[in-house]
Asker: 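Here it is: the structure, laid out below.
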Amino acid sequence: MNSTDELLQTTSWFPKLPAPLREAVSNGVRPIVVEAGGYVCRRGDVSQCWFGVIDGLVKVCNTSIDGRLMTFAGLPPGAWFGEGTVLKAERWHYDAIALRTSRVACLPAALFFRMLDESIAFTRFMLEHVNERLGQLMATVQSDRLTVPALRVANCLLAMFNSQLYPLGDAEIQLTQEEIGYLSGVTRQKVNIAVRQMEALGLLNISYGRVTVTDLNGLRLFAARVP
DNA sequence: TCATTAAATTGTT
DNA sequence: AACAATTTAATGA
């Protein structure tokens with residue numbers, strides 16, 4: 001994907017906006033380029049925009065006092081994020097960092113609120129979007145409390161490919177096994193065993209610093225397996 | 001472009 | 001948690 005317009009066209013809500021608002025959004029969205037390792041937004045910043053990933057991969061994470069990474073979500077192209085912070089006009093609780101050089105569309109908060117006020121289609125999208133997030137959170141809580149490490153890792157990887165939240169996601173994640181560990185609450189050693197087990201099952205390929213899912217449906221079945 | 005070195009990541013204990 | 005092996009990235013000839 002290479003433009004904000006293209007990104008907007010992939011959404012369910014943009015084509016349904018009233019014409020004047022569509023025009024305003026089209027003109028008001030500004031794309032930014034974030035180099036690999038750069039910040040889309042930082043914890044503590046006042047939220048100004050709702051973000052949509054055009055290209056690349058962005059992770060939402062925190063760095064703890066001792067320097068450890070805690071990743072909450074990976075955001076592939078097509079993902080929109082930050083609505084929670086915009087809605088509450090708060091400061092960011094997390095960092096958003098580009099894992100690869102990425103382009104991100106910034107939609108100013110004023111336009112975001114105007115869409116909520118003026119478009120039922122957008123409001124409905126937002127309701128479904130938040131509902132999907134909640135569903136994913138529930139799946140993660142359940143997975144974390146009930147299942148063995150390998151299934152938690154599988155769930156964590158699946159979360160990256162949620163087609164509802166991230167309609168355009170490809171099958172590659174640039175995350176180290178260490179980061180997957182922090183993301184799924186499993187030690188690096190267990191992650192290592194889990195990903196190699198899944199590779200042996202033909203569900204994914206692992207290479208230096210990245211995981212490529214080759215059988216998404218197979219991974220779903222694997223994650224749903226009763227321990 | 002290639003070789004050397006440092007840093008990051010992985011595999012193992 | 002610690003260690004060794006491997007891979008990548010950076011550096012300079």
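Lettering follows sequence order; numbering is per chain, from 1. Since the structure is predicted, the reported quantities are computational estimates derived from the model, not experimental observations.
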Asker: Tell me if a side-chain donor or acceptor on A/Thr11 pairs with a main-chain N or O of A/Leu7 at a distance below 3.5 Å.
Answerer: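 Side chain of A/Thr11 to backbone of A/Leu7, a donor-acceptor pair under 3.5 Å: no, none is there.
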Asker: Using a 4.0 Å cut-off on protein heavy atoms (strictly under), produce a 5'-to-3' string for nucleotides 3-10 of chain C with B for base contact, S for backbone-only sugar-phosphate contact, and - for none.
Answerer: ----BS--
Asker: List the steps and the verdict of ring-ring contact (aromatic ring centres under 6.0 Å, His included) for A/Phe122 and A/Phe112.
Answerer: CA-CA 9 Å; A/Phe122 182 74; A/Phe112 178 83; 5.7 Å; yes
Asker: Using distance alone, with no hydrogens and no angle criterion, decide if A/Asp5 and A/Ser26 have a side-chain donor and acceptor under 3.5 Å apart.
Answerer: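 Yes, side-chain donor-acceptor contact under 3.5 Å.
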Asker: Hey, which of these two, A/Arg196 or A/Glu179, hits DNA chain B nearer its 5' end, going by closest nucleotide?
Answerer: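 Between the two, 5'-proximity favours A/Glu179.
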Asker: Taking the hydrophobic residues Ile, Leu, Val, Met, Phe, Trp and Tyr, and joining any pair whose side-chain heavy atoms are under 4.5 Å apart, which ones share a cluster with A/Leu137?
Answerer: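 Under the 4.5 Å side-chain rule, A/Leu137 groups with A/Val141.
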Asker: Tell me, please, which residues at least two apart from A/Tyr94 pass ring-ring contact (aromatic ring centres under 6.0 Å, His included).
Answerer: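 Per chain and number, A/Tyr94 pairs via ring-ring contact (aromatic ring centres under 6.0 Å, His included) with A/Phe72.
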Asker: Tell me, please, the opening and closing nucleotides of DNA chain B, 5' to 3', among those with an atom under 4.0 angstrom from a non-hydrogen atom of chain A.
Answerer: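 Endpoints of the contacted stretch of DNA chain B: B/dA8 to B/dT13.
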Asker: Donor-acceptor pairs are to be reported for all side-chain atoms of residues 194-208 of chain A against protein atoms at under 3.5 Å, with residues two or more places apart or in another chain.
Answerer:
from: A/Arg196; atom 1: NE; to: A/Asn192; atom 2: OD1; distance (Å): 3.2
from: A/Arg196; atom 1: NH2; to: A/Asn192; atom 2: OD1; distance (Å): 2.7
from: A/Glu199; atom 1: OE2; to: A/Ile206; atom 2: N; distance (Å): 3.2

Asker: Using 30° and 60° as the class limits, which term best fits the ring planes of A/Trp50 and A/Trp13: parallel, tilted or perpendicular?
Answerer: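 Judged by the thresholds at 30° and 60°, the geometry between A/Trp50 and A/Trp13 is tilted.
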Asker: Members other than A/Ile97 in its cluster, when Ile, Leu, Val, Met, Phe, Trp, Tyr link by side-chain heavy atoms under 4.5 Å?
Answerer: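 A/Ile97 shares its hydrophobic cluster with A/Tyr39.
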